[in-house]
Structures are given as C-alpha cells and as structure tokens.
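Here is the structure we will look at.
All residue numbers refer to positions in the sequence shown, counting from 1.
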Amino acid sequence: MLIPAALAGVINKDNVDAIKAKYIIEAANHPTDPKAEEILAKKGVLILPDILANSGRVMVSYFEWVQNLQGFMWDEEKVNRELKTYMTRASNMF
C-alpha cells in the first residue's frame, strides 16, 4: 500500500514503473497524474481517489470553520458524531 500525502503530481510517468504497491490511497490532492493512473490501471493497481480519501478531513475543516463563525467549540465526541452523520448520508447516496 502506498499513501502519497503531501504533493500533487508526485506519482508520474517518470517514476510510476518503480511503484510496487497493489493499493494507492491518495491522501494528497491529486498526487497521481493521468498518465501514471493509466499505467497503474493496466498493472491492476487499485487507487482510492483523493476526493474520497480526503472527504472526512475536509468535512472536519468545515466544522472548524462553522465553530469559529459561531464562536464556540465542539468536543471530540460531537465532531465525530457529526462526521459520522454526514459521511453516512453521503455514502448512502450511491
């Protein structure tokens, strides 16, 4: 398993042949360029796209923004409860 988590375009046509992972979880924003994705697909590598891998992080960032606007803080339990609610609702749409 490979988890690129910092830079866009870090997996590209120049280094894709060195990747031995069977799974890639894109924790960075668009770390795999289109040509590399094509090559990896032919090799049978499964990629969890950044939009799915990062969605929880983005939602919690939104929760923080909402709390700042309203001038209060949620405890960890409340954040986790809200995150579960929204993630479950979103996944049930598919």
Side-chain angles (χ1 to χ4, degrees):
M1 183 179 304
L2 177 64
I3 305 174
L7 300 172
V10 71
I11 300 173
N12 54 60
K13 65 179 177 55
D14 297 327
N15 64 12
V16 70
D17 291 330
I19 293 174
K20 307 267 188 265
K22 294 181 181 182
Y23 306 99
I24 296 175
I25 299 172
E26 295 185 332
N29 292 332
H30 199 64
T32 310
D33 76 18
K35 183 64 178 170
E37 284 181 11
E38 198 176 298
I39 294 166
L40 291 166
K42 288 179 184 174
K43 290 171 59 173
V45 176
L46 297 177
I47 299 173
L48 179 63
D50 58 346
I51 189 120
L52 296 176
N54 282 327
S55 59
R57 175 181 55 97
V58 172
M59 280 191 202
V60 171
S61 293
Y62 169 75
F63 295 161
E64 290 173 352
W65 177 73
V66 167
Q67 292 170 72
N68 287 334
L69 284 177
Q70 296 178 355
F72 64 90
M73 292 181 58
W74 297 345
D75 61 25
E76 184 178 351
E77 187 178 308
K78 167 83 171 163
V79 171
N80 289 333
R81 193 171 51 249
E82 291 294 320
L83 180 60
K84 182 177 180 180
T85 297
Y86 284 96
M87 295 292 283
T88 300
R89 187 180 304 157
S91 65
N92 287 339
M93 295 174 66
F94 300 99

Between Val45 and Ile19, is the side-chain contact (heavy atoms from CB on, under 4.5 Å) condition met? List the steps.
CA-CA 10 Å; Val45 176; Ile19 293 174; 5.6 Å; no
If every non-hydrogen atom of Ala36 is compared with every non-hydrogen atom of Ile11, which pair is closest and at what distance?
CB-O, 3.7 Å
Donor-acceptor pair, Asn54 side chain versus Ala27 backbone, under 3.5 Å?
yes
Please check: side-chain N/O of Asp50 versus main-chain N/O of His30, any donor-acceptor pairing under 3.5 Å?
yes
With rounding to the nearest 0.5 Å, note down the distance linking NZ in Lys35 to CG in Asp14.
11.5 Å
How about NZ on Lys84, more than 12 heavy atoms from neighbouring residues, nucleotides or ligands closer than 6.0 Å, or not?
no
Looking at CZ of Arg57 and CG of Leu83, how far apart are the two atoms once the value is rounded to the nearest 0.5 Å?
12.5 Å
Could you check whether atom CD of Gln70 has more than 12 heavy atoms from other residues, nucleotides or ligands sitting under 6.0 Å from it?
yes
Within the structure provided, determine whether Val16 and Asp33 are in side-chain contact (heavy-atom separation under 4.5 Å).
no
d(Met73 CE, Lys78 NZ) to nearest 0.5 Å is 14.0 Å
With a 3.5 Å distance limit and no angle check, can you tell me whether Gln67 reaches the backbone of Phe63 through a side-chain donor-acceptor pair?
yes
Are Tyr86 and Val58 linked, directly or through intermediate hydrophobic residues, by side-chain heavy-atom contacts shorter than 4.5 Å (ILVMFWY only)?
no
What's the separation between atom CD1 in Ile25 and atom CG in Leu52, rounded to the nearest 0.5 Å?
11.0 Å
Kindly give the heavy-atom pair with the smallest separation between Glu26 and Pro49, and that separation in Å.
OE1-CA, 3.4 Å
Let me confirm one number: the OG1-CG distance from Thr32 to Leu40, rounded to the nearest 0.5 Å.
6.5 Å
Would you find a donor on one side and an acceptor on the other, under 3.5 Å apart, between the side chain of Asn80 and the backbone of Glu77?
no
